[in-house]
Amino acid sequence: DVKVTQSSRYLVKRTGEKVFLECVQDMDHENMFWYRQDPGLGLRLIYFSYDVKMKEKGDIPEGYSVSREKKERFSLILESASTNQTSMYLCASSFQAAGSDEQYFGPGTRLTVT
Amino acid sequence: GQQLNQSPQSMFIQEGEDVSMNCTSSSIFNTWLWYKQDPGEGPVLLIALYKAGELTSNGRLTAQFGITRKDSFLNISASIPSDVGIYFCAGQNLDSNYQLIWGAGTKLIIKP
């Protein structure tokens, strides 16, 4: 079974703090993704990575950065958290092989910025 | 970014009823995926479709890849309380570069 784990299920941070969200997958997937999910807005892609040290911006990268130093780990960084970054954050991973487009998700991190 | 048109937005149904939801796109897709999300959890893959016309079942769930490659539907037969949740469609087209394009979700609520 594919397993994607996220470092925290719930986080509460103060405005201006630097926040790290960690994601680890154990299936040797090449691709990893960070989404945020807000009521009524569905899943929006923040960043994704198709290889170690490679990253590409998604639809809403502003205010976020990412790091992928190892294949199995993809980190999302909020350099200076703001209240409008309160959200559910979801990490996912997938293979690059043709006919293998399924993404597998972690349980999510619900971040509250006060 | 591009979004799929997923409908209905929400459904109130009685236990035992059949459910149908669908997604449409303005462009041709190579892949259609259906996910379910329980409250407070990440989405879980239900069914993956890779060929136009393909019809695939997973227990009480059946999904089809539309013959035009621009739509897909998901049916749930004889709904039960644990079917409650949000169902998402997602797809890939030639320009997607490993990314998925997502529908806004269909929220399924079972009337007591």
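Just so it is clear: chains get the letters A, B, ... in the order the sequence lines come, proteins before strands, and each one is counted from 1.
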Can you label the angle between the A/Tyr50 ring and the B/Tyr98 ring as parallel, tilted or perpendicular, going by 30° and 60°?
-> tilted
What part of B/Gln99 lies closer than 4.5 angstrom to a heavy atom of chain A: side chain, backbone, both or neither?
-> both
Using a cut-off of under 4.5 Å on heavy-atom pairs, state which of A/Met88, A/Gln37, A/Arg110, A/Glu56 scores highest against chain B.
-> A/Gln37
So, the part of A/Gln6 with a heavy atom under 4.5 Å from chain B: the answer is neither
Under a single-linkage definition using a 4.5 Å side-chain heavy-atom cutoff for Ile, Leu, Val, Met, Phe, Trp and Tyr, are B/Leu33 and A/Val4 assigned to the same hydrophobic cluster?
-> yes
Can you tell me if CD on A/Glu17 sees more than 12 non-hydrogen neighbours from other groups inside 6.0 Å?
-> yes
In Å and rounded to the nearest 0.5 Å, what is the CG to CZ distance from A/Asp101 to B/Phe29?
-> 11.0 Å
So which of A/Tyr35, A/Phe95, A/Phe33 has the biggest tally of heavy-atom pairs under 4.5 Å with chain B?
-> A/Tyr35
Sort A/Arg44 into side chain, backbone, both or neither according to what part of it lies under 4.5 angstrom from a heavy atom of chain B.
-> neither
Under 4.5 Å from a heavy atom of chain B, the part of A/Ile60 involved | neither
Linked, directly or transitively: B/Ile101 and B/Ile47 (ILVMFWY side chains, under 4.5 Å) = yes
If Ile, Leu, Val, Met, Phe, Trp and Tyr residues are connected whenever their side-chain heavy atoms lie under 4.5 Å apart, and connections chain through other members, are A/Phe48 and A/Leu21 in the same group?
-> no
Contacting region of B/Glu41 [heavy-atom separation from chain A under 4.5 Å] | both
If you draw a 6.0 Å radius around NZ in B/Lys107, do more than 12 non-hydrogen atoms from other residues or ligands fall strictly inside?
-> no
Do B/Ile110 and B/Met21 belong together in a cluster built from hydrophobic side chains that touch within less than 4.5 Å?
-> yes
Would B/Leu45 end up clustered with B/Phe88 when hydrophobic side chains under 4.5 Å apart are linked, directly or stepwise?
-> yes
Where does A/Glu30 contact chain B at under 4.5 Å (heavy atoms): side chain, backbone, both or neither?
-> neither
Nearest heavy-atom contact between A/Leu90 and B/Pro43 is CD1-CD, 3.9 Å
Using a cut-off of under 4.5 Å for heavy-atom pairs, which of A/Gly42, A/Gly108, A/Pro107 has the most such pairs with chain B?
-> A/Pro107
Which heavy atom in A/Arg9 sits nearest to a heavy atom in B/Gly40, and how many Å separate them?
-> NH2-O, 2.7 Å
For atom NZ of B/Lys111, decide whether the heavy atoms of other residues, nucleotides or ligands shown that lie under 6.0 angstrom number more than 12.
-> yes
Report yes if the side chains of B/Trp102 and A/Leu45 come closer than 4.5 Å at any heavy-atom pair, otherwise no.
-> no
Toward chain A, the part of B/Leu100 with a non-hydrogen atom under 4.5 Å = both
